[in-house]
There are 2 protein chains.
Amino acid sequence: MALHVVSRSEPSTTADRCAREILETVPLVMRVVRAEMRRQGAQVVSVPQFRALAFVERHPGASLAGVAEHLGVTAPTASTIVDRLVRRRLVGRVPDPAERRRVALTLTPAGGRLFARMRSKARRQVAMRLARASAADLRKVAGALAVLDRLFREEARIIG
Amino acid sequence: MALHVVSRSEPSTTADRCAREILETVPLVMRVVRAEMRRQGAQVVSVPQFRALAFVERHPGASLAGVAEHLGVTAPTASTIVDRLVRRRLVGRVPDPAERRRVALTLTPAGGRLFARMRSKARRQVAMRLARASAADLRKVAGALAVLDRLFREEARIIG
DNA sequence: TCCTAACTATTTGATAACCTAAGTATAAAC
DNA sequence: GTTTATACTTAGGTTATCAAATAGTTAGGA
């Protein structure tokens with residue numbers, strides 16, 4: 001592997017190399033995932049919508065603020081995302097009886113079915129793309145993603 | 001580490017675990033990166049615009065099709081992204097004299113300066129988030145990202 | 001009790017990213 | 001020279017995103 005000569009103003013620690021790679025690779029992977037989810041034909045939801053479904057499935061009765069925090073977006077953004085899911089009858093949204101400021105979100109049966117179907121399809125598609133890599137490489141990738149998840153999930157809460 | 005009971009229809013190979021993690025972690029990281037780039041105040045560009053600048057910087061005289069392929073989007077999308085950069089005088093777009101169907105894209109001086117400034121800022125911000133991790137973890141992350149980049153870059157070309 | 005402050009959610013208005021389908025202009029092929 | 005293919009743009013539509021303004025609900029204190 002050849003060493004690159006980097007500009008003198010750019011330091012070259014491992015963290016910097018990671019940062020560089022994250023800024024290149026993450027958007028690339030994101031785009032492929034998005035394209036695949038769109039390719040599934042029939043009834044589909046966007047990536048943010050999919051993530052909202054995942055959160056509501058894991059936290060029945062969740063509030064809008066919970067969705068917003070999980071997605072890392074502002075409340076208005078989460079509101080419109082959820083609103084689209086409600087209009088498509090994939091999510092139920094009722095006022096929380098105890099706290100009437102809040103809404104309680106749940107998956108409808110149709111929402112649950114669609115989510116389960118999309119999730120396994122998306123996983124299969126991504127797994128197919130990973131099939132070319134060696135088992136050792138994949139173990140490394142899995143470990144690294146766990147590290148990233150921890151770092152960015154914490155920071156997302158601190159910052160956002 | 002507790003073992004989860006997974007639904008019988010969901011296999012549990014390393015590739016599947018990776019797929020699951022990718023679908024969870026990549027959007028999360030993406031969101032943090034986007035939020036940070038927006039946070040920089042002053043004059044900023046979006047993530048796709050930033051990636052377009054990076055491609056043009058590395059490939060002076062690049063065509064629109066080149067940008068589209070690098071971003072993994074359709075030609076019309078790349079066209080509007082570039083158009084916004086041209087209107088902001090960050091990118092120059094002239095017809096290629098040899099192939100007048102094509103356009104030749106270059107960074108303007110202002111575009112080059114903005115790009116350099118944003119890149120180092122973005123890298124610094126991401127690197128700061130990585131600072132909590134051990135050097136060993138970061139080396140693993142760097143290696144894993146290289147693997148992912150290879151897999152998804154190839155596949156992006158095959159599919160898209 | 002009432003008033004205010006804080007919280008939760010939505011609406012509004014703006015910019016941007018994305019797609020498909022349809023156009024324009026140039027080059028190549030026959 | 002007509003057709004076909006290529007490179008890009010335009011048009012029309014959906015979605016995501018934000019900040020600012022709005023409306024309803026709760027809680028705490030005067």
Side-chain angles (χ1 to χ4, degrees), chain A residues 27 30-41 43-53 61-88 90-91 93-105 156 159-160, chain B residues 27 30-41 43-53 61-88 90-91 93-105 156 159-160:
Chain A
M30 190 68 198
R31 188 150 305 292
V32 171
V33 168
R34 206 181 312 169
E36 303 220 325
M37 289 186 62
R38 232 192 311 253
R39 193 185 320 280
Q40 317 239 341
Q43 204 185 18
V44 286
V45 299
S46 68
V47 171
Q49 285 174 359
F50 178 77
R51 297 224 301 145
L53 288 179
S63 71
L64 189 77
V67 174
E69 195 207 325
H70 176 72
L71 296 184
V73 298
T74 59
T77 299
S79 184
T80 58
I81 288 171
V82 165
D83 197 54
R84 292 197 173 100
L85 294 173
V86 170
R87 274 187 227 165
R88 289 176 63 179
L90 301 174
V91 164
R93 174 183 49 187
V94 297
D96 185 327
E99 270 284 85
R100 283 179 5 220
R101 289 176 292 190
R102 296 179 180 236
V103 293
L105 303 172
I159 300 287
Chain B
M30 188 68 198
R31 189 151 305 290
V32 172
V33 167
R34 205 181 314 169
E36 303 220 325
M37 288 187 63
R38 233 191 311 254
R39 195 186 317 283
Q40 318 240 340
Q43 204 184 17
V44 286
V45 297
S46 68
V47 171
Q49 285 174 0
F50 178 77
R51 296 224 301 145
L53 289 178
S63 69
L64 190 77
V67 174
E69 194 207 326
H70 177 72
L71 296 184
V73 298
T74 58
T77 299
S79 182
T80 58
I81 289 171
V82 166
D83 197 53
R84 290 194 175 101
L85 295 173
V86 170
R87 275 187 226 166
R88 290 175 63 179
L90 301 174
V91 163
R93 175 182 50 187
V94 297
D96 185 327
E99 271 284 85
R100 283 181 3 221
R101 291 176 291 188
R102 295 181 178 236
V103 293
L105 303 172
I159 298 287

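Owing to the predicted nature of the structure, the values given are computational and were not obtained by experimental measurement. In what follows, chains carry the letters A, B, and so on, assigned in the order in which the sequence lines appear, proteins first and then strands, with residues in each chain numbered from 1.
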Identify all side-chain donor-acceptor contacts of residues 98-105 of chain A below 3.5 Å with residues at least two apart in sequence or on another chain.
unit_1	atom_1	unit_2	atom_2	d
A/E99	OE2	A/R101	NH2	3.1

- request: Check whether any side-chain N or O of A/R31 sits under 3.5 Å from a backbone N or O of B/L71 as a donor-acceptor pair, and report yes or no.
  value: yes
Protein-proximity profile, nucleotides 8-18 of chain C, B/S/- by nucleotide at the 4.0 Å heavy-atom cutoff, equals SSBB----SSB
Here the pair of heavy atoms bringing A/S46 nearest to A/M37 is O-CE, 4.3 Å
In whole angstroms, the gap separating P of D/dA16 from CZ of A/R51 amounts to 12 Å
* Asked: Tell me, do B/Q49 and B/L53 make a side-chain contact under 4.5 Å, heavy atoms counted?
  -> no
B/D96 CG to C/dA25 C1', in whole Å, measures 15 Å
Rounded to whole Å, the CE-C1' distance (A/M37 to D/dT15) equals 13 Å
**Asked** With side chains defined as the heavy atoms from C-beta onward, is the minimum distance between A/R34 and A/M30 less than 4.5 Å?
**Response** yes
